[in-house]
Amino acid sequence: MPENKMPSNFIRTIIQEDVRKNTHQGQVVTRFPPEPNGYLHIGHAKSICLNFGLALEFGGRCHLRFDDTNPLKEEDLYVHSIQEDVRWLGYDWDRHLYFASDYFERLYDLALELIRSGKAYVCSLNQEETRHYRGTLTEPGKDSPYRDRTVEENLDLFQRMRAGEFAEGQHVLRAKIDMAHPNLNMRDPVVYRIMHARHHRTGDAWCIYPTYDFAHGLSDAIEGVTHSLCSMEFEDHRPLYDWFLDNLPLPSRPRQYEFARLNLNYTVLSKRRLIRLVQEGVVSGWDDPRLPTISGLRRRGVPSAAIRRFCQLIGVGKSEGIVDMAILEHAIREELNKSAPRVMGVLDPVKLVIVNYAQEKEEELQAVNNPEDESMGTRSVPFCRELFIERDDFREDPPRKYFRLAPGREVRLRYAYFVTCEDVIKDEDGQVQEIHCTYDPETRGGAAPDGRKVKGTLHWVSARHCLRATVSLYDRLFMVPDPTAEEKKGGDFMQHLNPGSLTVLKDRPVEPHLGRAQAGERYQLERKGYFCVDPDSGPQGLVLNRTVTLRDTWAKLEKKHTG
RNA sequence: UGGGGUGUAGCCAAGUGGUAAGGCAACGGGUUUUGGUCCCGUCAUUCGGAGGUUCGAAUCCUUCCACCCCAGCCA
């Protein structure tokens with residue numbers, strides 16, 4: 001179960017006060033209410049961590065409720081993926097799985113109740129007329145000519161709406177509030193509309209469907225939700241949320257609070273845009289590792305604990321800001337550093353020959369699996385005369401402060417021996433073909449009995465024993481500098497997609513024991529980043545996908561020195 | 001020029017009358033068999049601006065400014 005508590009934030013403070021004052025009998029019941037019209041992304045994770053995290057912290061419960069009131073947009077596929085993702089994030093709704101559609105009968109009865117008390121009426125204006133009557137931001141609206149229909153007439157019409165006697169758009173049911181209200185949401189909002197559409201759960205049982213405003217608060221009240229947390233754009237809807245609760249007989253009285261949704265720089269986080277990326281085939285699917293969807297992050301190798309940690313780090317407030325991607329990457333590194341076994345591998349190999357090491361000799365050397373965690377044990381790594389090292393780990397003409405291998409220089413092969421570069425074999429283009437070294441047998445394991453130090457430690461793989469892996473380097477999972485800004489300039493964000501620098505390297509030498517790696521396991525390829533064993537790898541060989549890079553001080557130094 | 005919000009460092013964010021937490025990033029140093037990790041240090045005389053109240057203001061008042069949301073029978 002998630003170990004991360006939500007950090008101090010205003011909602012937490014409100015709940016603490018409510019518990020102290022025994023509001024809601026001291027109960028804390030929250031809910032995560034997605035509409036099943038797409039996959040969950042990291043923005044939803046913020047809401048999930050908030051809602052489930054708070055419930056956990058205060059010994060309450062959190063419901064998973066699908067807000068499925070619009071059959072045109074919703075699909076079963078999404079209700080499954082959402083459940084899978086919430087579970088993967090580490091949260092459990094126990095028996096509290098609900099659907100707004102489960103309440104359709106009850107909501108209908110409540111609508112009848114509203115009509116009976118003279119607080120709702122059937123309006124027969126068409127959509128355009130309705131818009132016209134609503135007024136504008138600065139001008140009040142006008143009463144609908146149908147506003148004064150009698151209770152009997154309204155009851156009759158509404159029942160006939162349900163019975164399917166009318167075409168879509170012919171009538172709607174509206175709450176009778178105030179057409180001159182400065183808040184447009186209060187100008188007689190629509191609560192039921194006719195939709196002759198098949199619903200993913202109720203099928204053809206209904207042809208009228210409640211709107212969000214009507215269904216949401218009532219569902220909260222039916223379920224006994226105490227704290228209904230939603231994003232800022234619903235702040236204007238709160239008076240309406242309260243109006244329904246005040247005007248209908250309900251078993252409980254929830255309160256709505258709003259918080260700012262997540263914005264991540266360079267990242268597409270709107271469902272509208274994500275759907276386009278998927279439908280237009282820009283990505284391979286909702287779980288494409290370049291996407292910020294929960295399933296994409298999972299496939300990329302991001303641990304759910306890192307996402308929870310990220311949500312804890314960013315906090316919860318009411319101001320809309322843009323969170324730096326670096327925080328997510330930090331959270332991922334922090335988690336993976338603790339949990340990922342280290343392994344040696346070479347992305348750009350060059351051969352290193354130890355000339356004074358016998359041709360047929362082989363050794364098994366002991367390597368530590370994780371210096372952060374002794375309990376992860378050790379493994380043995382085969383060693384022989386010919387090895388691969390990273391091409392970049394050798395410089396014929398080393399720059400200042402470069403402390404890896406160079407002619408005449410001694411370095412350590414990690415867990416193996418000290419070696420000294422004696423010779424370089426190049427081809428006719430001047431490309432280094434082989435590096436010839438001598439080793440010091442006294443330094444077995446990587447330590448010198450005479451106490452002498454070397455500045456560099458190199459990673460290596462035995463040429464004779466190594467396994468060949470395909471390594472994919474996704475440098476970034478984000479795609480557009482600022483989609484909203486692009487669209488404001490009148491452009492299409494699709495025109496500004498970062499191609500996503502995916503580099504695929506085949507046949508890269510890695511330690512042989514990786515042959516037993518399981519799909520989904522994460523490793524730190526030392527000095528190269530954290531990698532996840534591709535879920536699809538198997539018969540076609542080992543595939544490692546980069547999850548996130550390591551902090552690279554050398555790259556920074558090099559950049560600084562070369563300007 | 002209707003209504004509702006937000007404004008604390010490059011980014012996120014605590015703080016709600018007693019003298020600006022923390023994290024990310026950045027920079028400097030130490031440890032290190034990963035140029036990783038870890039550790040230490042530096043980084044807001046000031047809280048969107050201007051006035052005012054107060055012994056004392058990021059917090060209260062006035063006013064101005066900037067940005068976001070709302071005119072779906074979407075959620």
Side-chain angles (χ1 to χ4, degrees), chain A residues 7-10 13 33-35 37 67-70 72-74 123 125-127 130-132 134-141 168-169 171-174 181-187 189-195 208-209 211-213 215-216 230-239 258 260 265 271 312-331 333-334 337-338 342 344 367-368 370-372 401-404 412-416 418 443 445-447 453-459 524-530 550-558:
Chain A
S8 174
N9 67 61
F10 71 100
T13 307
E35 182 188 18
N37 67 343
D67 244 340
D68 54 352
T69 55
N70 183 351
L72 260 21
K73 294 193 173 179
E74 297 144 10
C123 177
L125 253 22
N126 66 32
Q127 238 177 109
T130 304
R131 193 187 325 128
H132 194 249
R134 185 158 31 232
T136 68
L137 294 177
T138 51
E139 303 155 24
E168 288 188 11
H171 306 287
V172 292
L173 184 69
R174 302 175 70 176
H181 199 109
N183 180 345
L184 299 246
N185 293 305
M186 300 297 271
R187 320 243 259 229
V190 170
V191 298
Y192 264 92
R193 72 286 212 195
I194 298 169
M195 294 174 106
I208 57 172
Y209 293 93
T211 56
Y212 163 87
D213 284 311
H216 199 92
C230 62
S231 43
M232 295 296 288
E233 66 266 30
F234 293 102
E235 203 153 23
D236 288 343
H237 294 243
R238 179 153 30 95
E258 308 84 13
N265 58 4
K271 224 176 248 180
Q312 188 183 45
L313 288 172
I314 58 174
V316 179
K318 288 173 79 88
S319 64
E320 97 295 320
I322 301 171
V323 172
D324 195 326
M325 195 66 216
I327 297 181
L328 210 212
E329 293 180 338
H330 167 81
R333 275 191 226 105
E334 185 181 49
N337 179 51
K338 285 184 292 187
R342 312 294 123 119
M344 295 192 286
V368 170
N370 188 344
E372 309 301 313
K401 288 197 174 179
Y402 181 88
F403 45 80
R404 280 116 93 172
R412 169 168 42 234
L413 293 176
R414 191 160 198 210
Y415 303 123
F418 283 13
T443 57
K453 302 275 190 214
V454 287
K455 291 189 86 175
T457 298
L458 267 43
H459 303 104
Q524 186 194 104
L525 250 188
E526 286 184 298
R527 261 186 28 219
K528 295 171 188 68
Y530 294 97
L550 251 37
R551 284 190 53 188
D552 192 346
T553 314
W554 169 245
K556 263 181 242 167
L557 280 175
E558 201 170 27

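The structure displayed is predicted, hence computed values, not measured ones. Chain identifiers are assigned alphabetically (A, B, ...) following the order of the sequence lines, protein sequences preceding nucleic acid strands; residue numbering begins at 1 within each chain.
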Revision key, fill the gap. As its Watson-Crick or G-U partner within any shown strand, both distances under 3.5 Å, B/C67 has B/G5
Review point. For A/D324, which residues count as a side-chain contact (heavy atoms from CB on, under 4.5 Å) partner, sequence neighbours excluded?
Key: A/N265, A/A326
Check your understanding: Closest to the A/L557 side chain: B/U37, B/G35, B/C73?
Key -> B/G35
Point to revise | Donor on one side chain, acceptor on other, A/N370 and A/E372, under 3.5 Å | key: no
Review point. Which of these nucleotides, B/A75, B/G72, B/G36, is closest to any side-chain atom of A/R131?
Key: B/G72
Study note, to complete from the structure: A correct 5'-to-3' footprint of nucleotides 1-7 of chain B, with B, S and - meaning base, sugar-phosphate only and no protein heavy atom under 4.0 Å, is -BBSSSS
Check your understanding: So what does A/A331 hit on the nucleic acid, given a heavy-atom distance under 4.0 Å: a base, only sugar-phosphate, or nothing?
Key -> nothing
Practice item. Name the nucleic acid region contacted by A/G169, choosing base, sugar-phosphate or nothing; use a 4.0 angstrom heavy-atom cut-off, strictly under. Key: base
Practice item. Look at all strands and tell whether A/R527 reaches a base, only sugar-phosphate, or nothing, counting heavy atoms closer than 4.0 Å. Key: base
Point to revise | Residues which pass side chain to side chain donor-acceptor pair (under 3.5 Å) with A/E235, listed by chain and number, not counting sequence neighbours | key: A/K318
Exercise for review: Give none if B/U53 has no partner; otherwise give the nucleotide forming a Watson-Crick or G-U wobble pair with it, both distances under 3.5 Å.
Suggested key: none
Check your understanding: So what does A/K401 touch, heavy atoms closer than 4.0 Å: a base, only the sugar-phosphate, or nothing?
Key -> base
Practice item. Scan A/R187 against the nucleic acid and name what it touches under 4.0 Å (heavy atoms): base, sugar-phosphate only, or nothing. Key: nothing
Review point. At under 4.0 Å between heavy atoms, what does A/E35 touch on the DNA or RNA strands: base, sugar-phosphate, or nothing?
Key: sugar-phosphate
Exercise for review: Taking side-chain contact (heavy atoms from CB on, under 4.5 Å) as the test, write out the residues that go with A/P140, two or more places apart.
Suggested key: A/A180
**Study point:** A/Y402: partners by ring pair (Phe, Tyr, Trp, His ring centres under 6.0 Å), with sequence neighbours left out
**Key:** A/W554
Review point. How does each nucleotide of nucleotides 15-30 of chain B score, in 5' to 3' order, for protein heavy atoms under 4.0 Å: base (B), sugar-phosphate only (S), or none (-)?
Key: S-------BS-S-S--
Check your understanding: Is B/A25 paired to anything, Watson-Crick or G-U wobble with both distances less than 3.5 Å, and if yes, which nucleotide?
Key -> none
Check your understanding: Looking at B/G35, B/A75, B/C74, which one has an atom nearest to any side-chain atom of A/T211?
Key -> B/A75
Check your understanding: So what does A/V368 hit on the nucleic acid, given a heavy-atom distance under 4.0 Å: a base, only sugar-phosphate, or nothing?
Key -> nothing
Check your understanding: In the strands shown, is B/A13 matched to any nucleotide by a Watson-Crick or G-U wobble pair with both distances under 3.5 Å, and which?
Key -> none
Exercise for review: Give A/L173 one of three labels, base, sugar-phosphate or nothing, depending on what nucleic acid heavy atoms sit under 4.0 Å from its own.
Suggested key: nothing
